[in-house]
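To keep things clear, I will list the structure first and then write my remarks on it.
Quantities reported herein were computed from a predicted structural model and do not represent experimental measurements.
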Protein chains: 2
Amino acid sequence: MATRTRRSQRRTEALSRERIVEAAIELLDAAGESGLTFRALTERLATGPGAIYWHVANKGELLGAATDAVVAAALAAEPAASAKSPEPAGPAGPAESPEAAGPAESAGPAEAAGPAESAESPEAAGAAGAAGPAESAGSPQDGIRAVALGLFDAIEEHPWLASQLMTQLSHSLWETVAPRIFESVGRQIRALGVPESSWFAATSALMHYILGAAGQNATNAASARTLGPEVDRARFLDAASTAWEQLDPDDYPFTRAVAGQLRGHDDREQFLAGVDLILAGITASLPAR
Amino acid sequence: MATRTRRSQRRTEALSRERIVEAAIELLDAAGESGLTFRALTERLATGPGAIYWHVANKGELLGAATDAVVAAALAAEPAASAKSPEPAGPAGPAESPEAAGPAESAGPAEAAGPAESAESPEAAGAAGAAGPAESAGSPQDGIRAVALGLFDAIEEHPWLASQLMTQLSHSLWETVAPRIFESVGRQIRALGVPESSWFAATSALMHYILGAAGQNATNAASARTLGPEVDRARFLDAASTAWEQLDPDDYPFTRAVAGQLRGHDDREQFLAGVDLILAGITASLPAR
DNA sequence: ACCTGAACACCGTTCAAGT
DNA sequence: ACCTGAACACCGTTCAAGT
């Protein structure tokens, strides 16, 4: 049974690119990258493949649009590209408007980001104002941590996102999602007092770390989920840690020594420690105040 | 024409897991991840799919084996797991021996790594000896740069590697390739004088950055290659840079300001600058000597 | 302008059968 | 023990045809 319309499909509101992207994100979240299929999509949207191809060029473009929508939503709480925040969805990029905000958010495991909101760059202080409900700390460091955690959480909620951002980062994504991330991270770098000649290098380094670490974490989480439906994150780390402890002592002395730290570590904490490490490197090479 | 045996296939030496992995790497290098097909594999090896499935469980395992082989080769010049370097290929891991060295190396663009070889950790100084033909510098920093460049080059030569390492990093890879990288990077971290309690965090941060940055770079290089068969890397950066310069000034002031640096930058140099940034952060938080 | 759905070429994987 | 190759279920994409 349940062959059709798991979703009570009114199917009044005509097909649109937005609806297709929304459905694609839902499928990706539910079943990973292999879950996004034109067959599954047509069933969920109650159409034929031709209808989808009328709105979307191919699967790659659809993946790109889904990626952009989720990243935009993740950075929306941030002061990134939101000088005109109240309006529904102004066309942010130059070419093909990128689907507005993200659907399928659903506030996952109840706790969500935490800090967020926070700092605008000092020299443009008038714009941000005191609108934050929470603490709204001020330092650029806090701003960077907030952006980093925003992406970290988005990738954890949408594990397929890591692969897209890291390695599918096609031409079109370079022109839509890369600027979003660069802008959010870079404003804080600028606020930190980094000299302009180092902006690109510092921002790139941070972005690479953030995507790398968040991606790895999401993969581990996904692996853990696959092993057993629940309980399992600790079990996964425990298994990996045990395997490391059994490596050849001559070939892998360091890895064996570090196996215990693998077992005990908290992903989120470790992630932020890495961010702070890079921030320490950046501030250490800052010109004298 | 040319339907069969593009490769003059003697086909005497029986099929083996090694030959299959070797052929898989060749296909991946030649045509990317989508180029690895059981059909293409059977043609190149002059067999049927059943023969391959007798040696290999499925495509995922084959990808994992290819990944492990290439990473092992990339780190082989390093002092990682090579206490017994002359011997052909001792079984390094505990389970399923990992294919020995990498085939398909072919010394790409004639120049290759550069530094490499270099330092063993000080407290085991006797083992390394003065065997290096080149400069063989000594500092742990140089060691880390060498490991980082080794992986950077491997990913550039095998662009499919990034995606495997970043997001396909399945259970089995955690137990074969992750320790290789951890060991190579971690020994230098230890030699740097980082306190043991921070080994895991520091090594992880570096590894995430290395994989993230190298992966991004490989993707860009691949995108550039797709646009035009040659010339193109500069053209690709130029196009992206121009697109960034045309972003909305209100929404993307930082990204616009940094577009010029995107155009001019050298991937390799930028990559090493990021490594040094993290090293600066690590040494900055070192306990007083 | 927008949608339908059969059809095409291709994919990973299986398996009865051979040697 | 190792290999063959037809067959199966599924995939992305196309396209003549409808409204």
Side-chain angles (χ1 to χ4, degrees), chain A residues 2-5 9-25 27-28 30-67 96 160 163-164 168 170 172 226, chain B residues 2-6 9-25 27-28 30-67 96-97 160 163-164 168 170 172 226:
Chain A
T3 28
R4 252 177 183 274
T5 61
Q9 200 61 39
R10 288 161 314 195
R11 191 75 177 78
T12 24
E13 34 177 340
L15 209 47
S16 70
R17 196 177 151 95
E18 283 78 22
R19 294 250 326 105
I20 294 174
V21 171
E22 180 188 352
I25 293 172
L27 287 172
L28 287 164
E33 193 151 351
S34 69
L36 177 55
T37 295
F38 275 83
R39 307 267 200 266
L41 215 45
T42 56
E43 190 186 333
R44 193 174 202 109
L45 294 170
T47 38
I52 295 173
Y53 275 95
W54 198 90
H55 293 276
V56 149
N58 51 43
K59 193 177 179 179
E61 192 194 287
L62 181 54
L63 268 169
T67 301
E96 17 161 295
W160 50 272
S163 163
Q164 286 313 114
Q168 262 64 29
S170 60
S172 73
T226 316
Chain B
T3 28
R4 251 174 186 274
T5 60
R6 234 207 68 190
Q9 200 62 37
R10 288 160 316 192
R11 191 73 176 79
T12 25
E13 33 176 341
L15 208 48
S16 70
R17 195 178 151 97
E18 282 78 23
R19 294 248 329 103
I20 294 173
V21 171
E22 179 188 352
I25 293 173
L27 286 173
L28 286 164
E33 193 151 349
S34 69
L36 177 56
T37 295
F38 274 83
R39 306 266 202 266
L41 215 45
T42 56
E43 189 185 334
R44 193 174 202 110
L45 294 170
T47 37
I52 295 173
Y53 274 95
W54 198 91
H55 293 277
V56 149
N58 51 44
K59 194 178 180 180
E61 192 195 289
L62 181 54
L63 268 168
T67 301
E96 17 164 293
S97 65
W160 50 273
S163 163
Q164 287 311 115
Q168 263 63 28
S170 61
S172 74
T226 317

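- Proximity note for Leu15(B) (side chain, C-beta onward) versus dC2(D), dC3(D), dT4(C): the nearest is dC3(D).
- Here CG of Leu41(B) is found 4.0 Å from CD1 of Ile52(B). Values are rounded to the nearest 0.5 Å.
- Residues satisfying the side-chain hydrogen bond (donor to acceptor under 3.5 Å, both in side chains) test with Thr37(A), not counting sequence neighbours, are none.
- Ser34(A) is linked by a side chain to side chain contact (heavy atoms under 4.5 Å, CB included) to nothing, counting only residues two or more places apart in sequence or in another chain.
- Summarising the geometry, the separation between CZ on Arg19(A) and P on dC2(C) is reported as 16 Å, rounded to the nearest angstrom.
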In dot-bracket form, how is DNA chain C paired, counting a Watson-Crick or G-U wobble pair only if both its distances are under 3.5 Å and using | for bases paired to another strand? ||.|||||...|||||.||
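- Taking CG of Leu27(B) as the reference point, atom CG of Leu62(B) lies at 9.5 Å (rounded to 0.5 Å).
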Do nucleotides 12-19 of chain D as a string where each nucleotide becomes B, S or -: B if the base has a protein heavy atom under 4.0 Å, S if just the sugar-phosphate does, - if no protein is that close. BBBB----
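- Pairs of residues two or more places apart, or lying in two chains, that qualify as ring-ring contact (aromatic ring centres under 6.0 Å, His included) and include a residue from residues 44-67 of chain B are Phe38(B)-Tyr53(B).
- One C1' atom belongs to dC8(C), the other to dC11(D), and the distance between them is 12 Å to the nearest Å.
- Rounded to a whole Å, the CG atom of Leu41(A) is 16 Å from the C1' atom of dC10(D).
- Between Leu36(A) and Lys59(A), the closest heavy-atom pair is O-NZ, 2.9 Å.
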Applying salt bridge (charged side-chain N to carboxylate O under 4.0 Å, His left out), run through Arg44(B) and Glu22(B) and close with a yes or a no. CA-CA 11 Å; Arg44(B) 193 174 202 110; Glu22(B) 179 188 352; over 6 Å; no
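- The phosphate of dC3(D) has OP1 or OP2 within less than 4.0 Å of a side-chain N or O from His55(B).
- The structure places CD1 of Ile25(B) at 12.5 Å from CD1 of Ile20(B), a figure rounded to the nearest 0.5 Å.
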